[in-house]
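To keep things clear, I will list the structure first and then write my remarks on it.
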Protein chains: 2
Amino acid sequence: MTTATVINSEFDQAIALEPDPDGAGRYLGELGAGWQIGGGINGGLLLAVAANALRRELPGHPDPLSISCYYLSTSGPGPLSVRTETVRRGRTLSNATASLYQWGPDGAEVERLRVLAGYGDLAALAGEVHTSATAPELPPVEQCIGIEHAPPGLLQQAALLERFDLRLDPGTVGWAVGQPARQGRIQGWFKLADGREPDPLSLLLVADALPPVTFDLGLPGWAPTIELTVHLRALPAPGWLRVSHATRNLAGGHFEEDCEIWDSAGRLVAQSRQLARAPRAQV
Amino acid sequence: MTTATVINSEFDQAIALEPDPDGAGRYLGELGAGWQIGGGINGGLLLAVAANALRRELPGHPDPLSISCYYLSTSGPGPLSVRTETVRRGRTLSNATASLYQWGPDGAEVERLRVLAGYGDLAALAGEVHTSATAPELPPVEQCIGIEHAPPGLLQQAALLERFDLRLDPGTVGWAVGQPARQGRIQGWFKLADGREPDPLSLLLVADALPPVTFDLGLPGWAPTIELTVHLRALPAPGWLRVSHATRNLAGGHFEEDCEIWDSAGRLVAQSRQLARAPRAQV
């Protein structure tokens, strides 16, 4: 099911699950501190964990063609439980839900997120493509800005970034030096730091991997995701991914963040949109 | 909760629900034949019915800020049942799920769709807007193309269209006379035919009201929705809505359809994206 070339990659370890002896369709896992960002575990990683559980429940339909995640409470490092429900088994498409839980100080279960998805087999889809979408224009990787140049304050809050080889377009990182372009766009090249190649589950992480696009609007601070839906459109080729995050409308304290992920073969492999709470405006 | 100016509008009747004596959080309703399109009930109307049930379950949070719907089987005219589950009650945001059922020939329940949503109060959101989005440029209403000019074959399959006062941009209706613009775009002016003014629930219908954008790609035929997520961004002002449907990537037999709805005050009041199955290509 995976094109990973690295055995026991950080990502595969992070989303690893074992069946919960307490019941069918239930799994146990662990969230690592290395995936924290702004005080919680990255929402894309959490989605990948839930998606990994659903993959196991839907044999023959390994890939989330569309997956929607609603975030309910802030996750932290430690044990987790995923409960799945298969809603419909179809020939080419199956639907299922998943809930990811952790345990509160009192030992009570707390639901972190709820997922609803449609799974199929990307490898079995017809190949024809009719697209007017164009990949983000990026300078060569070596001319882009690596994480090592990120403000120390940012890295302290984002152990997550150490898992990535993220090279941001210099034209969209002005915010890092107090000069946001205010275009509502952040884009760059993405790889997992340990060289693990992209697959449908890792693309769920990538869809939420870049800094909040509100940074580019001059709004530092984290932007909690209310809802994230990812459409997987094709199996990704190995190599660098081109990723763009863009927003066009911040209103009522909310903004949408549209993400596109393009693979090294020049295919649009994933599209996502999330609705998030905007950080407070700076005075 | 509604800004409707028409009492007992067709839309309000179509989404009307009564509590199901069989259990808390359950409702009963009826799907009318007048909302059929291409052999099923319009997906946007079905979503509005489920959303209406959730609104009743979440006092103080009347509006779906984000709502995701996965379509499971084809709905038809007749009785329906909605079952809701409140997932989380928050101060400004609550989450809930809904399932819409009908009954099969054997009397067994068949789930038509599953919804997952985050509800809040649009009227309570801060007013500031920072947007780079621009409303679709449309000729004046009187210069756009009304439904009365639609091909008879289309109208026969789409009783739904009689519920609308839909005026399409002449530049995006070439498909109706065999000359699709192949831009992946259909846009126009929208009102409910009986004059009922827009509100958050009717915007869910509008998000799926235009003909499939694949018509403009030279692909006639209906495009079954796999998943539809709508973000409501502001309360709509009364009057004409400007609606655009666009797609940028048709691949593997699937395409995304992005919809924007702008109100008469020039505000982007809703954004939606659906993943749908493309009609077979014409030879």
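Just so we're on the same page: letters track the sequence lines, and every chain starts at 1. Predicted, not measured: the structure shown is a model, and the values here were computed from it.
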Segment of B:I226 engaging chain A (4.5 angstrom heavy-atom cut-off): side chain
A:E57 versus A:T86, side-chain donor and acceptor atoms under 3.5 Å: no
Structural part of A:N249 lying under 4.5 Å from a heavy atom of chain B: both
Most contacts with chain A, counted as non-hydrogen pairs under 4.5 angstrom, among B:L122, B:L125, B:N95, B:L116: B:L116
Ion pair B:E256/A:R273, N-O distance below 4.0 Å: no
Region of A:Q274 in contact with chain B, defined by heavy-atom distances below 4.5 Å: backbone
Side chain, backbone, both or neither of A:S94 within contact of chain B (heavy atoms, under 4.5 Å): neither
Interchain contact, A:L65 with chain B, by part (heavy-atom threshold 4.5 Å): both
Residue part contacting chain B, namely of A:T247, when any heavy atom lies under 4.5 Å: backbone
Interface moiety of A:R88 toward chain B, non-hydrogen atoms closer than 4.5 Å: side chain
B:S99 versus B:E111, side-chain donor and acceptor atoms under 3.5 Å: yes
Worked verdict on B:E85 versus A:R114 for salt bridge (Lys or Arg N to Asp or Glu O under 4.0 Å): CA-CA 12 Å; B:E85 175 207 356; A:R114 183 76 63 100; 3.2 Å; yes
Residue among A:A117, A:G90, A:S73 with most heavy-atom pairs under 4.5 Å to chain B: A:A117
Given B:P64, B:C259, B:P236, the one that forms side-chain contact (heavy atoms from CB on, under 4.5 Å) with B:L203: B:P236
Engaged part of A:T229 at the chain B interface, taking heavy atoms whose separation is under 4.5 Å: side chain
Contact origin within B:H130 toward chain A - heavy atom pairs under 4.5 Å: both
Toward chain B, the part of A:Q271 with a non-hydrogen atom under 4.5 Å: both
A:R277 portion near chain B, given a 4.5 angstrom heavy-atom threshold: side chain
Salt-bridge contact A:D263-A:R242 (side-chain N to carboxylate O under 4.0 Å): no
Residue among A:W175, A:W222, A:F255 satisfying side-chain contact (heavy atoms from CB on, under 4.5 Å) with A:T214: A:F255
Toward chain B, the part of A:L275 with a non-hydrogen atom under 4.5 Å: both
Passing option when A:V115 is tested against A:L46, A:T97, A:L47 for side-chain contact (heavy atoms from CB on, under 4.5 Å): A:L47
Top contributor to chain B interface from A:L250, A:T134, A:L217 [non-hydrogen pairs under 4.5 Å]: A:L250
Segment of A:H254 engaging chain B (4.5 angstrom heavy-atom cut-off): both
Taking every non-hydrogen atom, the tightest pair across B:I186 and B:P212: CD1-O, 3.5 Å
Polar side chain donor-acceptor pair, A:R248 to B:S132, under 3.5 angstrom: no
